[in-house]
Amino acid sequence: MIERLLSRVLQSDELSSIYPRAPFDSFIMPLRTDSLFANQTTDAPAAAGFALVAVERAFDRAPEGLTYLIPTGLAMLPEGARVLVPLGRGDQPTAGWIVRKGADLSELTTLGCNPAKLKFLLAQDVSEAVLPSELLALARWISGYYACPIGMTLAGILPSAVRKQVGRITRVFYGLAEVEVDATPPKLTKRQREVLDAIRVMELPAEQAAVLRATGLSSAATLKRLAELGCLRTSKRSTIEAEWSMSAVGSVAAVEPTTTQREAVDRIATTFDTFAQHLLFGVTGSGKTEVYIRLIQRCLARGKKALLLVPEIALTPQTAGRIIARFPDSRVAILHSGLTASQRNLMWSLASDGAADVIVGARSAVFAPVPDGTLGLVIVDEEHETSYKQDSAPRYHGRDCAIRRAQLARCPVVLGSATPSLESWWNATVRKSSALHRLPERAPGLCVPKVTIVDFASERRQFRDNKVHLIGPMLERGMRETLDAQGQVLLLLNRRGYANYIACADQRCGWTAQCSECDAGMICHQDRIASLQWVRCHHCQAEQQLPRNCPQCGKTVTVFGLGTQRVEEELLRLFPMLEENKSLVRVDGDTMQTAKHFHNCLGRFASGEIRVLMGTQMIAKGLDFPNVRLVGVISADTALSLPDFRAGERTFQLVSQVSGRCGRGGTAGRAIVQTFYPDNPAIRLAAAHDFETFASQELQDRREFGLPPARRLARLTIRDASEAIARENAETLAHAIQAIAATNPQSAEVRGPQPARLSRVAGFYRFEIELLHDSAVEISRILAAARSADLLPLGERLSVDVDPVS
Ligand code: ADP
Ligand code: ZN
Ligand code: ZN
């Protein structure tokens with residue numbers, strides 16, 4: 001195997017030209033310890049230091065990487081280089097990244113390594129990829145902070161298309177390098193001179209294939225050599241494929257910034273060149289995007305790159321479109337989930353070549369490989385969004401990584417929101433680690449939406465029939481008026497499916513449809529056209545037919561509760577014209593399977609073809625359509641009922657974000673919010689547009705109960721198919737963690753183990769241990785100690801979530 005690989009590597013002129021005499025032939029020789037520390041011996045390879053290499057697997061026994069010796073021929077490989085290392089019994093050549101290099105071999109003994117047992121790196125990977133050191137430092141931080149082995153971390157943060165070199169970009173272009181007047185010209189061979197002469201007469205820059213044809217070369221080795229010697233300049237293809245980001249663009253004309261916008265820009269701009277955190281708290285429609293654009297312009301004017309994170313990729317079309325339109329002369333790279341593997345690779349290369357000036361993307365764009373020292377600004381739009389949190393290892397928070405990234409790049413980071421997360425609000429108002437900038441007013445020409453709270457319990461009593469009604473008289477009237485006046489409507493219900501509660505009609509029987517694999521109720525779904533109904537579990541996707549009769553007593557089964565499909569049914573009954581001209585669209589995870597579907601749908605909404613957009617939180621965020629005059633919240637209570645200490649915060653966010661979608665044109669907008677809890681402070685204060693009162697009350701509660709952000713939280717989840725084993729493992733782990741925590745006199749609080757809120761999912765029982773402390777540093781210390789004692793092998797049986805969001 002090794003031999004086959006080596007012969008392939010040796011044949012590859014790309015490698016041999018760069019590392020001509022790597023001691024490939026001696027890798028498999030047993031290493032003599034004495035030779036390691038001796039200067040040079042003839043029969044064993046010399047090591048030019050050692051490297052910690054992260055292979056893309058979860059070896060937690062080497063959370064910081066596996067140790068290898070560096071053969072002298074590869075001594076120049078930098079940290080961050082992608083290499084091949086022998087792994088496992090068969091010394092299988094495996095790709096990995098050098099995460100740390102050490103020159104001093106005696107350090108190995110202190111690391112607890114036996115140098116005699118170490119193997120050598122094999123070669124640089126053919127991709128020749130090298131991670132910028134700022135990115136590598138970020139990965140190391142994530143690995144430590146989120147308690148995830150470095151190999152798994154890198155596998156989780158780098159696009160797999162890039163790791164696997166799918167659709168690798170081979171389109172290299174060559175041009176002539178500018179030669180400095182007084183530089184001594186390099187000594188060239190005759191052949192090299194001939195090649196250069198042939199290139200001089202070509203139209204440049206020319207693609208590699210064309211250059212090869214014109215020069216009669218059989219490989220690119222000579223060209224690469226000439227580039228190394230400074231005679232040729234190389235570049236990669238740098239067109240931006242952002243076609244679908246260009247449509248459905250809102251207004252793009254540059255506007256005159258308001259005084260508050262200008263002040264925010266000026267104040268933030270004073271911190272260019274240093275790390276500084278800013279919270280831009282601007283009500284919906286206050287023109288935060290304009291502030292971002294102005295800041296990006298200033299950043300580019302300073303010759304630096306800017307990174308803009310947006311919450312969900314579905315939102316990118318509008319934001320990205322606006323950015324592209326405002327930077328016609330700059331190169332904007334859009335990283336979105338609709339990219340093909342090769343497009344993703346292209347974007348990656350553009351970023352790493354420094355070709356992209358602005359990078360816009362969701363969570364993972366925070367890992368764009370911007371060259372070291374060139375990042376000048378990081379912006380996180382809608383920073384409160386939970387979609388910034390990754391829900392598999394490494395369970396990082398994109399916003400917090402953005403802050404860290406800015407710190408590593410020594411540049412400012414701007415978090416923007418109309419409803420900041422309490423974490424960011426705490427940082428701005430209590431810890432004062434970030435500067436607070438307010439945009440309290442809507443942009444010129446936009447009206448503040450009037451929000452009406454409807455007590456749905458009392459409205460429902462007005463109905464004389466026994467039918468289910470999800471749209472009360474007030475909302476129905478509002479819709480009629482809006483549609484008659486040619487306005488558009490957004491309707492929010494944060495629940496997919498038809499109905500969320502399936503039960504026996506006889507309350508004494510008490511049967512409800514539960515998933516057999518999960519501790520959760522089944523959700524009823526229906527296909528309106530085929531008039532079919534079935535039940536599905538939203539946790540494990542198990543499906544079955546909707547039983548007609550109760551399996552316990554044989555009486556009929558009824559479905560209660562609400563879901564977007566049921567709202568759709570009711571809307572079409574109330575407004576038949578919506579069905580006739582197909583001007584109602586339901587937007588949820590079931591109908592919008594890809595970002596393209598959603599984007600398409602937004603395009604039709606922008607053109608006015610769609611009059612009513614009804615759906616889950618996908619429509620609550622970031623949309624900016626001037627003709628939306630009414631926003632209806634079918635039920636503000638979906639988040640309130642969750643057993644989560646952030647239930648109030650989520651409800652506040654949802655109600656204020658969705659009401660902020662109206663009143664963006666010249667005409668006034670209104671929002672109608674249906675709820676069974678009209679007096680709930682989250683709903684009341686959201687309707688009154690009073691974030692600050694809400695936040696201060698909520699922070700007081702969190703302090704009182706010792707919850708985040710007043711304290712830091714990490715959650716360990718232990719899973720097993722056997723409840724007894726899961727419980728036992730959880731107890732053992734909790735004891736061990738207790739013991740580690742107790743080594744600090746200001747011991748962290750260890751809660752649990754207790755059954756998780758969803759105590760069983762897909763057949764696995766789940767127990768949780770929670771770790772709370774005032775300081776994130778102490779949480780990190782405990783987790784690090786637990787990791788080095790091999791207590792936290794991440795996988796199916798265990799997950800670690802630092803700063804969980806749900
Ligand atoms: P936010 O992101 O704060 O919700 P947006 O950036 O979407 O707000 O801005 C809302 C609308 O106001 C956009 O259509 C934008 O073009 C417009 N706008 C922003 N700033 C100004 C300004 N200074 N003058 C006029 N219109 C503005
Ligand atoms: Zn299930
Ligand atoms: Zn029954």
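Numbers here simply count residues along the sequence, with the first being 1. In this text, all values refer to a predicted model and were calculated from it rather than measured experimentally. Atoms within a ligand are numbered from 1 in the order they appear, just like the ligands themselves.
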For ligand 1, which atoms sit closer than 4.0 Å to a heavy atom of [X]?
| X | answer |
| --- | --- |
| A443 | 12 (O), 18 (N), 19 (C), 20 (N), 21 (C), 27 (C) |
| E256 | 22 (C), 23 (N), 24 (N) |
| P257 | 23 (N) |
| T258 | 23 (N) |
| V283 | 3 (O) |
| T284 | 4 (O) |

* Asked: In degrees, rounded to 10 degrees, what angle do C515 atom SG and C537 atom SG make at the Zn ion (ligand 2)?
  ->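 SG of C515, the Zn ion (ligand 2) and SG of C537 span an angle of about 110°.
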* To do: Report the angle formed at the Zn ion (ligand 2) by atom SG of C518 and atom SG of C540, rounding to the nearest 10°.
  => 110°
Short side-chain donor-acceptor distance under 3.5 Å, [Y] and [X]:
| X | Y | answer |
| --- | --- | --- |
| S759 | D519 | yes |
| T259 | Q261 | no |
| E383 | S421 | yes |
| N729 | R727 | no |
| S659 | S656 | no |

* Asked: With only distance considered, is Q261 within less than 3.5 Å of ligand 1 through an N or O on each side?
  -> yes
* Hey, does G287 come in under 3.5 Å of ligand 1, counting only N/O atoms on both sides? ->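 Min N/O separation from ligand 1 is below 3.5 Å for G287.
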* Asked: For the residue pair F605 and F625, does the interplanar ring angle fall in the parallel (under 30°), tilted (30 to 60°) or perpendicular (over 60°) class?
  -> perpendicular
* Aromatic rings Y501 and F560: how do their planes relate, parallel, tilted or perpendicular, breaks at 30° and 60°? -> tilted
Short N-O contact, [X] and [Y], less than 4.0 angstrom:
| X | Y | result |
| --- | --- | --- |
| R496 | D588 | no |
| D720 | R797 | yes |
| D801 | K389 | yes |
| R326 | E290 | yes |

* **NZ or CZ of R438 within 45° of F281 ring axis and under 6.0 Å** =>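 Judged by the rule, R438 and F281 form no cation-pi pair.
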Close approach of [X] to ligand 1, heavy atoms, under 4.0 angstrom:
| X | value |
| --- | --- |
| G285 | yes |
| R442 | no |
| P444 | yes |

* Compare T289, L280, I293 and give the one whose heavy atom is closest to atom 2 (O) of ligand 1. =>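 Ranked by closest heavy atom to atom 2 (O) of ligand 1, first place is T289.
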Determine whether the side chain, the backbone, both or neither of [X] has a heavy atom under 4.0 Å from any heavy atom of ligand 1.
| X | answer |
| --- | --- |
| V255 | side chain |
| D624 | side chain |
| D381 | neither |

* To do: At a cut-off of 2.8 Å, list the protein N/O/S atoms near the Zn ion (ligand 3), residue plus atom name.
  => C504 SG, C509 SG, C550 SG, C553 SG
* Taking only residues two or more places apart in sequence or in another chain, which ones pass side-chain hydrogen bond (donor to acceptor under 3.5 Å, both in side chains) with T419? ->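 By the side-chain hydrogen bond (donor to acceptor under 3.5 Å, both in side chains) rule, T419 matches Q657.
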* Structure fact -> Heavy atoms of R715 and P804 approach each other most closely as NH1-CB, 3.8 Å
